[in-house]
Asker: 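Provided herewith is a single structure, encoded as structure tokens, for subsequent inquiry.
Basis for what follows: all heavy atoms, side chains included, without hydrogens, waters or symmetry-related copies.
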Amino acid sequence: VFENGVPRTYPGVYSTDFVTTRANELIADAAPSKQPFFMSVAFLAPHTGGPREPGDPTGFATPHVAPQYKDAFASVALPTPPSFNEADMSDKPLALQARPPIGAVRAAKIQESYQQRLESLLSVDDGVASILKTLRDTGELDDTLILFTSDNGFFHGEHRVPLGKLLAYEPSIRLPLYMRGPGVPRGETRRQLVTNADLAPTILDAAGVLPGRVQDGRSLFGLIDDPSIQWGRELLLEGPGYAGLRNYRWKYVEHSTGEAELY
């Protein structure tokens, strides 16, 4: 890791635990001051990582699971929605149509990868719980806005894609978003479509400051206050070789090859 520009290594330390420890240290350092602080915590899990472990599928990248959680989800079956190993790919771009069906051997590797991703997230659960405890112990929790999300979803065999994240389909673009803190009602759910471009305006709104440049998104507090509000906008999708729009009913994608998709 780079610490204030200085590269340092921590042999034998599990990365998720290291990030949790460092986050707790930063909170403890910042809490005594009356000055508000912002912190972004980005765990590597459930990304793939090393070292390789006995039982990892050959030729298939998997996460490195903390020892205490190894095989914790070994009995969990791989979800197989209708899109899994899609039988008819004729409505997809030619590059996707060329993907071969997923056979039993590859399906078993996908399942092992899926199980290990779940297992690696148990350490993230521990990390989130530890960070919340530190915020509570330092007296900061009730005055802290917490946003929990991800930068992308992931494929596990949907549309014949064994792994990856860069396509415009739902497994890749749909993300969790949890919020906790001042102005956020407990235990409620909102169904409006939002995007990660809305996170920065939301944080600025919570801090009571004006942005120094035009924002691409909008603060989510308006939607939180009134679940009936609809912004009437499409969400922008961008990836290697494509751009698209998504709203409640439609998704339209144009590819650099000239191909287009409408769902």
Asker: Of all the heavy-atom pairs spanning Asp205 and Ser219, show the shortest one and how long it is.
Answerer: OD2-OG, 2.6 Å
Asker: Is any side-chain heavy atom of Phe38 less than 4.5 Å from a side-chain heavy atom of Pro36?
Answerer: no
Asker: Which distance, rounded to the nearest 0.5 Å, do you find between the OG of Ser123 and the CD of Gln68?
Answerer: 5.5 Å
Asker: Going hydrophobic residue to hydrophobic residue with side-chain gaps under 4.5 angstrom, can you get from Trp231 over to Leu245?
Answerer: no
Asker: With rounding to the nearest 0.5 Å, note down the distance linking CD in Glu112 to CG in Asp71.
Answerer: 7.0 Å
Asker: Under the side-chain contact (heavy atoms from CB on, under 4.5 Å) rule, what do Leu135 and Ile146 come out as? Steps first, then yes or no, please.
Answerer: CA-CA 11 Å; Leu135 288 168; Ile146 298 170; 4.0 Å; yes
Asker: Tell me which one of Asp17, Thr21, Asn24 satisfies side-chain hydrogen bond (donor to acceptor under 3.5 Å, both in side chains) with Ser130.
Answerer: Asn24
Asker: I'd like to know if the side chain of Gln192 and the backbone of Ile229 have a donor-acceptor N/O pair within less than 3.5 Å.
Answerer: yes
Asker: If you round to the nearest 0.5 Å, how far is CZ of Arg218 from CG of Leu223?
Answerer: 8.0 Å
Asker: Quick one: pull up CD1 in Ile131 and CZ in Phe148 and give me the separation to the nearest 0.5 Å.
Answerer: 10.0 Å
Asker: Got more than 12 heavy atoms from elsewhere within 6.0 Å of CG, Asp225?
Answerer: yes
Asker: Could you report the tightest heavy-atom contact between Pro176 and Thr149, atom names first, then the distance?
Answerer: O-OG1, 2.7 Å
Asker: Do you reckon Val128 sits in the same ILVMFWY cluster as Val19, going by side-chain contacts under 4.5 Å, direct or chained?
Answerer: yes
Asker: Quick one: are Pro185 and Ile224 in side-chain contact, heavy atoms under 4.5 Å?
Answerer: yes
Asker: Under a 3.5 Å cutoff, is there a donor and acceptor pairing between the side chains of Tyr69 and Asp126?
Answerer: yes
Asker: If you take all heavy atoms of Gly5 and Pro7, which pair is closest and at what distance?
Answerer: O-CD, 3.6 Å
Asker: Does any N or O in the side chain of Thr9 come within less than 3.5 Å of the main-chain N or O of Pro11, such that one atom is a donor and the other an acceptor?
Answerer: no
Asker: Return yes when atom CZ of Arg190 has more than 12 non-hydrogen atoms of other residues, nucleotides or ligands closer than 6.0 Å, and no otherwise.
Answerer: yes
Asker: From Asp137 CG over to Leu132 CG, what is the distance, rounded to the nearest 0.5 angstrom?
Answerer: 11.0 Å
Asker: Identify the heavy atoms of Gly153 and Leu175 that sit nearest to each other, and give their distance.
Answerer: N-CD2, 3.4 Å
Asker: With side chains defined as the heavy atoms from C-beta onward, is the minimum distance between Lys109 and Thr62 less than 4.5 Å?
Answerer: no
Asker: With respect to Phe155, which candidate in Leu167, Ile110, Leu163 satisfies the side chain to side chain contact (heavy atoms under 4.5 Å, CB included) definition?
Answerer: Leu167
Asker: Determine, stepwise, if the pair Tyr242 / Thr257 fulfils side-chain contact (heavy atoms from CB on, under 4.5 Å).
Answerer: CA-CA 9 Å; Tyr242 73 81; Thr257 59; over 6 Å; no
Asker: Side chains of Leu236 and Thr195, heavy atoms from C-beta outward: is any pair under 4.5 Å?
Answerer: no
Asker: Would you say that Pro162 contacts Arg99 through its side chain, given a criterion of any heavy-atom pair below 4.5 Å between the two side chains?
Answerer: yes
Asker: Applying side-chain contact (heavy atoms from CB on, under 4.5 Å), run through Leu220 and Val194 and close with a yes or a no.
Answerer: CA-CA 8 Å; Leu220 298 177; Val194 299; 3.4 Å; yes
Asker: Ignoring hydrogens and geometry, is there a side-chain-to-backbone donor-acceptor pair from His64 to Gly49 under 3.5 Å?
Answerer: no
Asker: Do the non-hydrogen side-chain atoms of Thr20 and Phe43 ever get within less than 4.5 Å of each other?
Answerer: yes
Asker: If we only count heavy atoms from C-beta on, is the Phe84 to His156 side-chain gap below 4.5 Å?
Answerer: no
Asker: Are Leu121 and Phe73 connected, step by step, through hydrophobic side chains (Ile, Leu, Val, Met, Phe, Trp, Tyr) whose heavy atoms are closer than 4.5 Å?
Answerer: no
Asker: Pairs in or reaching into residues 171-182: which pass side chain to side chain donor-acceptor pair (under 3.5 Å), with residues at least two apart or in two chains?
Answerer: none
Asker: Do Gln115 and Glu119 have side-chain N/O donor and acceptor atoms under 3.5 Å apart?
Answerer: no
Asker: Among Glu86, Gln97, Glu259, Glu261, which residue satisfies the side-chain hydrogen bond (donor to acceptor under 3.5 Å, both in side chains) criterion with Lys92?
Answerer: Glu86
Asker: With sequence neighbours excluded, tell me which residues meet side chain to side chain contact (heavy atoms under 4.5 Å, CB included) with Trp250.
Answerer: Asn247, Leu262
Asker: Counting only heavy atoms not in Asp151 (residues, nucleotides, ligands), do more than 12 fall under 6.0 Å from its CG?
Answerer: yes
Asker: If I compare all heavy atoms of Phe154 with all of Glu158, which pair ends up nearest, and what's the gap?
Answerer: O-OE1, 4.5 Å
Asker: Taking only residues two or more places apart in sequence or in another chain, which ones pass ring pair (Phe, Tyr, Trp, His ring centres under 6.0 Å) with Tyr169?
Answerer: His159
Asker: Does Ile173 belong to the same Ile/Leu/Val/Met/Phe/Trp/Tyr cluster as Leu235, with side-chain heavy atoms less than 4.5 Å apart forming each link?
Answerer: no
Asker: Where do Arg117 and Pro63 come nearest, in terms of heavy atoms and distance?
Answerer: CG-CG, 3.6 Å
Asker: Nearest 0.5 Å, what's the CG-CG distance between Leu177 and Leu147?
Answerer: 6.5 Å
Asker: Are Leu44 and Tyr14 connected in a single hydrophobic cluster, I mean Ile/Leu/Val/Met/Phe/Trp/Tyr linked by side-chain heavy atoms less than 4.5 Å apart?
Answerer: no
Asker: Within a strict 4.5 Å, meaning less than it, do heavy atoms of the Arg22 and Met39 side chains meet?
Answerer: no
Asker: As a quick check of understanding, evaluate side-chain contact (heavy atoms from CB on, under 4.5 Å) for Arg160 and Leu96, giving each step before the final call.
Answerer: CA-CA 8 Å; Arg160 300 187 186 176; Leu96 276 169; over 6 Å; no
Asker: Step by step, would you call Gln230 with Tyr248 a side chain to side chain donor-acceptor pair (under 3.5 Å)?
Answerer: CA-CA 11 Å; Gln230 301 292 336; Tyr248 290 96; 2.7 Å; yes
